[in-house]
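Worksheet for the structure shown next.
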Amino acid sequence: MPARMLTSRSMEMSGICVDRGRLESASKDFERQLHALEDRIHAIAGETFNIQSHQQLGRILFEKLKLPIQKKTKKKTGYSTDVEVLTSLSMEHELPALVLQYRSLAKLKSTYTDALVDMIHPETNRIHTSFNQAVTATGRLSSSNPNLQNIPVRTEEGRKIRAAFVPRKGWTLLSADYSQIELRLLAHYSGDPILVEAFEQDQDIHARTGAEVFNLLPAVITPEMRRQAKVINFGIIYGMSPFRLSKELGITRKMAKIFIENYFRRYEGVQHFIEETIEKARETGKVTTLLGRHRWLPDILSRNRTAREFAERTAINTPLQGTAADLIKIAMVRIHEAFAQEGLKAKMLLQVHDELVFEVPSKELETVKECVTHLMEGVYSLRVPLKVDLKVGHNWAEAY
DNA sequence: ACAATGGTCC
DNA sequence: ACTCGGACCATTGTA
């Protein structure tokens, strides 16, 4: 393969090996569990129906069982039965919890195990995704046919699918991910003293935010407080409203507003960054990433409040998400070139926004780890350090 | 074929 | 009453 080949094209052609047996046995396991759940659900409902039909499920839950209607669907064509609603209904009845279990297993089976097996290329025995370079508004790549950027990771059952992604025989998988890159970019853009200090000292950023917002020492921050602080940090990156934050944290909107006020009291630099970024967007009609990619924001002066506020959130998020995308793409090109230059056989296989996955001959592992870390962390000089975490494994789920 | 709904990832 | 960063894809139900 020519060394000058486009980096993402090379990744598409390399593909990634999946353990077909593991996927197929997971699929059978899911199917068995689905049948068991189906029987229990139908027995409790007192009739057979299509659990995957929102319409039929809604009639069972809200008409037959008379469970409280939490919300209607967007186009108010029916009852919402989404995970939020079913979780809440689980307090009152055993059926919704079983439907949730059924849904998550059905998702894993249809979207992942079964679909991925069908995508194994007959000649290479590997899965070759497409990395689309001109799809997203922020400059991220996207992945399709299949999408390998949303392989499950959160749950135990989901990680069984991730564990089916394996290196070729005698090689090993290496994953390198940027730690908190968007918050580090927020520190860079804003110059906020607390945020900058936290990253200069490589502190646990969510624990630090918890300490600041709740006015406590980091040592006494509980896991629950840290979790709330994490939601707040994500909320800042996304330009989250008090409404959304209150929903995410299960608190009143008034409390959410107080959290946000406390945050900005401590992180004044962040507040200024947000205000300046929106102001500049109003003047120019666009926002720009660190490397000069523009995103136009035609609604930034709209008289429609929803549209305008959406544009304002976009104005905050795009420089962060888009710059992160710029930086990892530069690192990818440099790594691809460096592998060729150094005569390394290691291959870059996947990009998942802030993570790169490589397949590495065992003999090259130490060299490749060093090279990847160096090029990713040194991709661009910022006011705070960039940090990369490495994981090595026999598959994509297991680090050792 | 398309809209609506829901769910997976960063 | 509603708001809600960036993607891709499966299923149901209707046209």
Side-chain angles (χ1 to χ4, degrees), chain A residues 49-58 71-87 99-100 102-116 118-119 129-155 157-159 161-162 177-183 185-186 231 233-248 253 256 287 295 297 304-325 328 350-356 396:
Chain A
F49 67 100
N50 185 348
I51 301 163
Q52 307 213 87
S53 161
H54 310 123
Q55 218 172 71
Q56 294 179 42
L57 178 63
K71 58 179 176 182
K72 296 289 187 78
T73 54
K74 269 235 172 4
K75 291 279 172 188
K76 55 186 199 169
T77 48
Y79 317 106
S80 172
T81 66
D82 67 15
V83 62
E84 192 189 334
V85 168
L86 295 186
T87 302
V99 173
L100 283 172
Y102 184 94
R103 283 235 183 107
S104 66
L105 285 171
K107 174 77 176 181
L108 292 179
K109 184 174 186 306
S110 67
T111 305
Y112 298 105
T113 53
D114 293 355
L116 288 174
D118 289 341
M119 296 297 292
T129 185
S130 295
F131 283 109
N132 315 296
Q133 300 201 64
V135 168
T136 70
T138 56
R140 277 185 172 184
L141 301 185
S142 79
S143 160
S144 58
N145 299 305
N147 181 359
L148 295 185
Q149 291 178 324
N150 72 344
I151 300 302
V153 68
R154 225 177 59 255
T155 68
E157 294 293 69
R159 279 193 296 274
I161 288 158
R162 190 164 281 238
D177 72 286
Y178 278 118
S179 168
Q180 306 293 354
I181 188 167
E182 288 176 351
L183 284 172
L185 288 168
L186 179 61
V231 174
N233 277 332
F234 275 103
I236 297 299
I237 294 170
Y238 296 160
M240 195 183 280
S241 63
F243 175 81
R244 173 70 181 268
L245 185 67
S246 63
K247 246 176 59 171
E248 295 275 338
R253 210 178 321 179
V287 286
R295 179 167 181 184
L297 298 171
N304 177 330
R305 196 184 64 137
T306 304
R308 185 179 65 247
E309 289 180 346
F310 194 100
E312 290 174 355
R313 285 189 290 276
T314 306
I316 302 309
N317 178 257
T318 295
L320 303 173
Q321 186 181 128
T323 300
I328 196 167
L350 301 177
Q351 189 253 42
V352 192
H353 310 306
D354 64 358
E355 172 188 14
L356 297 175
W396 194 13

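In the text below, chain A, chain B and the rest are named by the order of the sequence lines, each starting its count at 1. Any value given below was found using the heavy atoms of this structure, including those in side chains, with hydrogens, waters and symmetry copies removed. Model, not experiment: these values are computed from the prediction.
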So, do [X] and [Y] sit near enough that their side-chain heavy atoms are less than 4.5 Å apart?
X	Y	result
L186(A)	L183(A)	yes
Y102(A)	Q52(A)	yes
Q149(A)	L141(A)	yes
T155(A)	S104(A)	no
L245(A)	V231(A)	yes

Base, sugar-phosphate, or nothing: which does [X] touch, judged by heavy atoms less than 4.0 Å apart?
X	value
N150(A)	base
Q52(A)	sugar-phosphate
F310(A)	sugar-phosphate
I151(A)	sugar-phosphate
A137(A)	sugar-phosphate
R308(A)	nothing

Does a side-chain N or O of [X] approach OP1 or OP2 of [N] to a distance below 4.0 Å, or not?
X	N	result
T81(A)	dG6(B)	yes
N50(A)	dT12(C)	yes
S80(A)	dG6(B)	yes
R313(A)	dC4(C)	yes
Q56(A)	dG13(C)	yes
T111(A)	dC9(C)	no
R103(A)	dG7(B)	yes
S142(A)	dC8(C)	yes

Given [options], identify the nucleotide with an atom nearest to the side chain of [X].
X	options	result
S53(A)	dT3(C), dG13(C), dT8(B)	dG13(C)
V135(A)	dT3(C), dG5(C), dC8(C)	dC8(C)
S144(A)	dT11(C), dG6(B), dC9(C)	dC9(C)
P152(A)	dT8(B), dG6(C), dC8(C)	dT8(B)
Q321(A)	dG6(C), dC2(C), dT8(B)	dG6(C)

Rounded to whole angstroms, how far apart are [atom1] on [X] and [atom2] on [N]?
X	N	atom1	atom2	value
L186(A)	dG5(C)	CG	C1'	13 Å
K71(A)	dC4(C)	NZ	P	14 Å
R162(A)	dC9(B)	CZ	C1'	8 Å
N304(A)	dC2(C)	CG	P	15 Å
Q55(A)	dG6(B)	CD	P	12 Å
E312(A)	dC4(C)	CD	P	12 Å
K247(A)	dC4(C)	NZ	C1'	7 Å
N233(A)	dC10(B)	CG	P	17 Å

Item to check | Interatomic distance at P, dT5(B) relative to dT3(C), whole Å | outcome: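 Comparing P positions in dT5(B) and dT3(C) gives a spacing of 12 Å.
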
Next on the checklist: When the P atoms of dC2(C) and dG6(B) are compared, how many Å lie between them, rounded to an integer?
Outcome noted: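 My reading of the P atoms in dG6(B) and dC2(C) gives 14 Å.
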
Next on the checklist: Nearest 0.5 angstrom please: L57(A) CG to H54(A) NE2, how far?
Outcome noted: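 The NE2 atom of H54(A) is 8.0 Å from CG of L57(A), to the nearest 0.5 Å.
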
Next on the checklist: Between H54(A) and H353(A), which residue's closest nucleotide on DNA chain C lies nearer the 5′ terminus?
Outcome noted: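 With H353(A) and H54(A) compared, the 5'-side residue is H353(A).
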
Checklist entry - Strictly by modelled atom types, are T81(A) and R103(A) linked by a side-chain donor-acceptor pair under 3.5 Å? => result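 T81(A) vs R103(A): donor-acceptor pair found between side chains.
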
